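Fair warning: this is a prediction, and the values are worked out from it, not measured in the lab.
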Amino acid sequence: QVPATRGLRPQTIFRPQLVTLFQRAAMAADASSLVARYGAASGEPTHSAAELIRSEILRSHAPNNIPAALKGVEIGAPALTKKAAFEGQGGALAASFDACQDAGAARWVLTLICDMLREDSSCFSLFEEALGKHQVKVYEKLLAVVTRQGTEQYVADKAAWLLSSVIGNAPRFFTEAEVRGLVETLQKQGGACSELGVLDALVNLLKADSFRALLWKLPGVSETVTTVSAQNAPPPYLYKCIFAMWLLSFEAEGALNLQEDILVKKLRDVLVHSRVEKVIRLSLTVLKNLLGRTAFAEQVVELGVLEAVQQLEYEKWRDSELYEDIRDLACQISARVADMSNFDRYERELKEGQLKWGFIHSSKFWADNILKFEQSEYKAVKMLAALLHSSDPTTIAVACHDIGEFVAGHPLGKKQIAKFQVKDRVMELMGSTSAEHREVRREALLCCQKIMLNKWQDMDNFPQ
């Protein structure tokens with residue numbers, strides 16, 4: 001008779017059928033209790049529950065309904081031992097996925113394969129052989145596990161991780177339609193995967209260069225990565241989001257529609273709030289990669305990332321090399337600050353005839369460079385006045401903004417712009433009815449206000 005004590009392992013005196021039933025019942029009960037205890041309501045739940053379930057699986061015996069090729073393979077065996085069990089067995093992987101119809105077998109098989117791939121990436125060659133030589137329908141079989149009704153979260157996460165890892169490492173065997181289908185399945189409301197499981201799978205897919213641009217355009221993908229809370233997200237989740245940004249940082253400038261300000265703000269917030277060393281180290285690496293891009297560098301300078309980096313040097317870190325990384329990045333950002341504060345850079349943009357919002361149009365730039373506008377008989381001011389007639393709405397808006405800054409900050413600002421007949425053009429722009437000139441009207445109004453304010457200030461100098 002099977003003993004009633006749940007934690008007691010069945011002995012060889014029991015009949016095999018009862019032993020199997022006992023094992024499955026015990027594993028199911030343990031998994032359910034773990035998920036209930038560490039479920040989604042507790043801070044870092046899914047990760048904790050998954051680790052505890054995995055530990056229980058590693059201590060358990062293999063189910064009887066696993067493929068013959070895996071019988072006798074210890075689940076905690078080295079990756080090479082597991083790999084040898086699949087090699088030369090054409091249908092071993094297919095049989096393993098078919099066995100996942102049973103919950104107990106699914107836990108055991110998926111844990112074994114995922115651990116093998118995490119330990120030794122050369123084992124992905126098994127899947128390349130299965131997909132190419134043996135035509136195993138890996139996508140269909142693993143997606144069926146993820147979408148099957150009643151699939152427990154642990155199994156769904158493992159199946160999603162495995163499928164996305166195979167796609168990320170062997171993308172040539174998969175189509176864009178299949179990638180879209182997997183992403184839609186992962187993000188479906190009420191799906192079996194945990195939030196960390198979904199993020200894990202998305203990051204795996206981003207590893208495939210050929211699918212990265214497609215993936216970043218799909219609804220919800222960029223939001224998943226960039227909306228993570230630097231203050232409240234569990235460290236494993238936060239690290240994965242930063243890892244995704246690291247993958248994106250290797251794309252050629254302009255290849256992806258990256259929102260520079262959002263990414264840089266998120267990285268800055270991570271540096272301010274997180275004190276997990278591997279999260280900080282990876283964030284510093286991402287910033288170094290992005291500093292070489294003009295648009296990102298401007299945001300790094302403008303959003304005060306330098307102060308956040310410098311503050312890290314006063315924290316206590318176990319890894320002494322982290323201090324060197326912090327100082328190195330601080331030096332690189334400082335050099336960028338000096339470069340972007342350069343008046344020559346501003347003049348180059350004027351000569352190009354196309355202005356865009358950035359650090360060289362900020363209040364700090366004007367405070368540091370206002371007197372340099374006197375050079376060459378106010379040549380820069382004359383060029384700004386000419387750009388008020390540009391066909392580009394953004395250039396006109398920035399020119400209005402800069403003229404307003406010059407008038408407000410320079411002692412002779414109003415007198416100089418009068419020479420170039422700026423006021424009439426600014427007032428004309430205020431009355432523009434073009435739909436594209438919404439920002440232009442706003443900046444023209446602000447510019448005009450500064451001009452008129454200066455007029456009232458000048459009345460203080462009139463004799464009474």
Side-chain angles (χ1 to χ4, degrees), residues 260-261 264 293-306 336-458:
E260 293 88 357
D261 57 335
V264 173
R293 306 180 182 190
T294 303
F296 275 101
E298 289 179 353
Q299 292 299 324
V300 167
V301 172
E302 195 164 350
L303 293 172
V305 176
L306 178 59
R336 276 294 192 173
V337 170
D339 179 56
M340 291 188 179
S341 299
N342 197 315
F343 185 70
D344 292 338
R345 174 174 161 74
Y346 184 87
E347 285 191 309
R348 286 198 300 271
E349 190 171 293
L350 287 176
K351 289 175 182 177
E352 290 170 1
Q354 189 166 12
L355 307 181
K356 58 182 180 180
W357 297 110
F359 181 77
I360 56 174
H361 302 283
S362 65
S363 299
K364 184 180 186 306
F365 170 82
W366 282 95
D368 293 342
N369 296 278
I370 189 70
L371 294 180
K372 292 180 182 178
F373 281 77
E374 298 175 0
Q375 297 174 6
S376 303
E377 297 183 353
Y378 296 90
K379 179 182 178 181
V381 179
K382 184 177 181 180
M383 295 172 73
L384 271 177
L387 289 176
L388 291 176
H389 298 274
S390 169
S391 59
D392 176 45
T394 301
T395 297
I396 300 172
V398 177
C400 287
H401 169 272
D402 286 4
I403 289 171
E405 290 292 310
F406 174 73
V407 170
H410 195 280
L412 301 176
K414 184 193 64 162
K415 186 177 294 185
Q416 291 302 321
I417 65 164
K419 294 179 181 180
F420 305 121
Q421 299 178 337
V422 166
K423 188 182 73 170
D424 292 342
R425 176 57 179 164
V426 171
M427 296 186 72
E428 181 183 335
L429 291 170
M430 284 173 54
S432 172
T433 58
S434 172
E436 296 179 346
H437 280 194
R438 182 177 179 181
E439 187 179 37
V440 171
R441 289 192 293 271
R442 176 181 178 276
E443 294 300 333
L445 175 61
L446 292 174
C447 179
C448 191
Q449 287 175 343
K450 290 175 183 178
I451 294 173
M452 300 305 293
L453 179 63
N454 262 24
K455 281 192 173 184
W456 284 108
Q457 288 172 339
D458 288 348

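Within the 4.5 Å cutoff, no side-chain heavy atoms of V398 are placed close to those of K356. Within the 4.5 Å cutoff, the side chain of L384 has no heavy atoms near those of the V422 side chain. Side-chain atoms of C400 and L429, non-hydrogen and from C-beta on, do get closer than 4.5 Å to each other. With a 4.5 Å cut-off on side-chain heavy atoms, W366 and D402 count as touching. The shortest distance between side-chain heavy atoms of H410 and L371 falls below 4.5 Å.
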Report task. Please lay out, stage by stage, how V381 and F420 fare under the test side chain to side chain contact (heavy atoms under 4.5 Å, CB included). Result -> CA-CA 9 Å; V381 179; F420 305 121; 3.8 Å; yes
Report task. Determine, stepwise, if the pair R336 / V300 fulfils side chain to side chain contact (heavy atoms under 4.5 Å, CB included). Result -> CA-CA 9 Å; R336 276 294 192 173; V300 167; over 6 Å; no
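Across all non-hydrogen atoms, the minimal contact from L387 to A399 is CB-CB, 4.3 Å. Nearest approach of V440 to P393, heavy atoms of both residues: CG2-O, 3.2 Å.
Between the CG atom in L355 and the CD1 atom in I360 there is a gap of 8.0 Å [rounded to 0.5 Å]. Considering CD of Q449 and CE of M430, their distance stands at 7.5 Å, rounded to 0.5 Å. A distance of 13.0 Å separates NE2 in H437 from CD in E443, rounded to the nearest 0.5 Å. In this structure, the separation between OG1 on T433 and CZ on R438 is 15.0 Å, given to the nearest 0.5 Å. Taken to the nearest 0.5 Å, the CD1 atom of I403 stands 7.0 Å off from the CD1 atom of I417. The NZ atom of K379 lies 9.5 Å from the CG atom of L350; values are rounded to the nearest 0.5 Å.
Between the side chain of R425 and the main chain of L388, a donor-acceptor pair closer than 3.5 Å is present. Distance alone, capped at 3.5 Å, is enough to place a donor-acceptor pair between the R441 side chain and the S434 backbone.
Taking the six-membered ring for Trp and thresholds of 30 and 60 degrees, F373 and F406 have ring planes inclined between 30 and 60 degrees apart. Taking the six-membered ring where the residue is Trp, H401 and W357 present perpendicular rings, their angle passing 60° and hence far from 30°.
No donor-acceptor contact under 3.5 angstrom links the side chains of E405 and H361, judged on distance only.
Counting heavy-atom neighbours within 6.0 Å of Q375 CD, excluding the residue itself, gives a total above 12. The neighbour count for E374 CD, taken as heavy atoms of other residues, nucleotides or ligands under 6.0 Å away, is above 12.
For residues 385-399, every residue pair satisfying the side chain to side chain donor-acceptor pair (under 3.5 Å) rule, not counting sequence neighbours, is listed here: D392-T395.
Between R345 and E298, at least one side-chain N (NZ, or NE/NH1/NH2) sits under 4.0 Å from a carboxylate O, which counts as a salt bridge.
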